[in-house]
Amino acid sequence: MAHYLIFLGSTRTTTPPSPARLGERVAKACERLLSSLPHTTAEIIDPLALSLQAPFKPHFAYAQADAPDDLAELADKIAAADGYVMVSPEYNHSMSPALSHLLNHFGASLFAFKPSAIVTYSMGQWGGVRAAVAMRAFLSELGCLPVSAMIHIPRAQEALNLDGHFGQEQERWESYFGRTFGQLMWWAEAASNYKSQIDPTKVSPAFKTAPSQRNAPGSESS
Ligand SMILES: Cc1cc2nc3c(=O)[nH]c(=O)nc-3n(C[C@H](O)[C@H](O)[C@H](O)COP(=O)(O)O)c2cc1C
């Protein structure tokens with residue numbers, strides 16, 4: 001059985017623009033379609049259900065036993081999941097700040113060596129493609145490499161009902177989602193199988209103390 005986390009990249013409960021939090025129906029569609037596949041379970045991670053602290057303090061900045069319960073629980077879920085679906089609206093031609101803020105709470109080692117799928121949407125005609133391009137770099141840095149097929153939903157308010165079902169052309173939409181989810185599942189299964197032969201942290205140990213651990217030799221300032 002493979003388990004996927006679907007990160008819902010919106011906390012926008014106010015209008016305009018209306019409707020608010022269009023991302024809920026996109027995440028529901030992903031959950032419905034992934035869960036309908038054999039040996040697959042999926043769960044939506046909703047940033048509104050978490051009490052993210054201000055000022056920003058990521059999970060890895062707490063002493064191990066001191067992290068708030070909801071952050072600690074989500075860290076465990078991220079570590080245990082087989083792959084991720086990242087659902088983002090496009091805000092100012094960029095990925096959702098709610099999604100990047102949520103993901104920034106967790107170290108890359110929790111996501112690494114597992115695949116992700118990029119799902120973007122908008123109320124307009126472009127479906128969030130400009131946000132999606134930048135998400136590739138972000139997710140690669142987390143180590144959950146995005147699969148090549150992406151899902152973009154233009155006019156998501158018309159394409160999807162509140163419960164995550166498609167208003168029209170259901171078969172075409174499901175086949176469009178299915179291509180990306182097929183790639184996600186293939187890579188997730190491959191990574192999981194290979195992990196049982198070779199522990200990835202042995203060939204590439206996690207950097208956990210400082211960003212400078214990534215530096216090339218000779219690049220340290222004197
Ligand atoms: C601050 C802000 C910036 C936006 N920028 C874009 C944009 O660059 N491109 C676009 O297609 N839609 C843009 N939109 C429209 C969003 O795609 C639309 O409001 C969508 O419903 C947002 O997702 P959400 O309702 O889940 O938060 C923007 C909306 C907001 C609130």
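A quick note: this is a predicted structure, and the numbers were derived from the prediction, not measured. Atoms within a ligand are numbered from 1 in the order they appear, just like the ligands themselves. Here, residue 1 is the first one in the sequence, and each next residue gets the next number.
- Crowding of Lys77 atom NZ: a count of heavy atoms from other residues, nucleotides or ligands under 6.0 Å not exceeding 12.
- Between Phe56 and His101, the ring planes lie tilted relative to each other; the angle falls in the 30° to 60° range.
- If you look at ligand 1, the protein residues with a non-hydrogen atom under 4.0 Å away are Ser10, Arg12, Pro17, Ala20, Arg21, Leu22, Gly23, Pro89, Glu90, Tyr91, Asn92, His93, Tyr121, Ser122, Met123, Arg130.
- Stacking of Lys114 on the aromatic ring of Tyr84 is not recorded, the 6.0 Å distance cut-off and the 45° axial limit not both being met.
- Residues forming a side-chain contact (heavy atoms from CB on, under 4.5 Å) with Trp186 (at least two apart in sequence, or on another chain): Ala190.
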Q) Between Leu160 and Val26, does a side chain to side chain contact (heavy atoms under 4.5 Å, CB included) hold up when you go through it step by step? A) CA-CA 7 Å; Leu160 283 160; Val26 179; 3.8 Å; yes

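- Two residues are said to be in side-chain contact when any heavy atoms from C-beta on lie closer than 4.5 Å; Ile45 and Leu74 meet this criterion.
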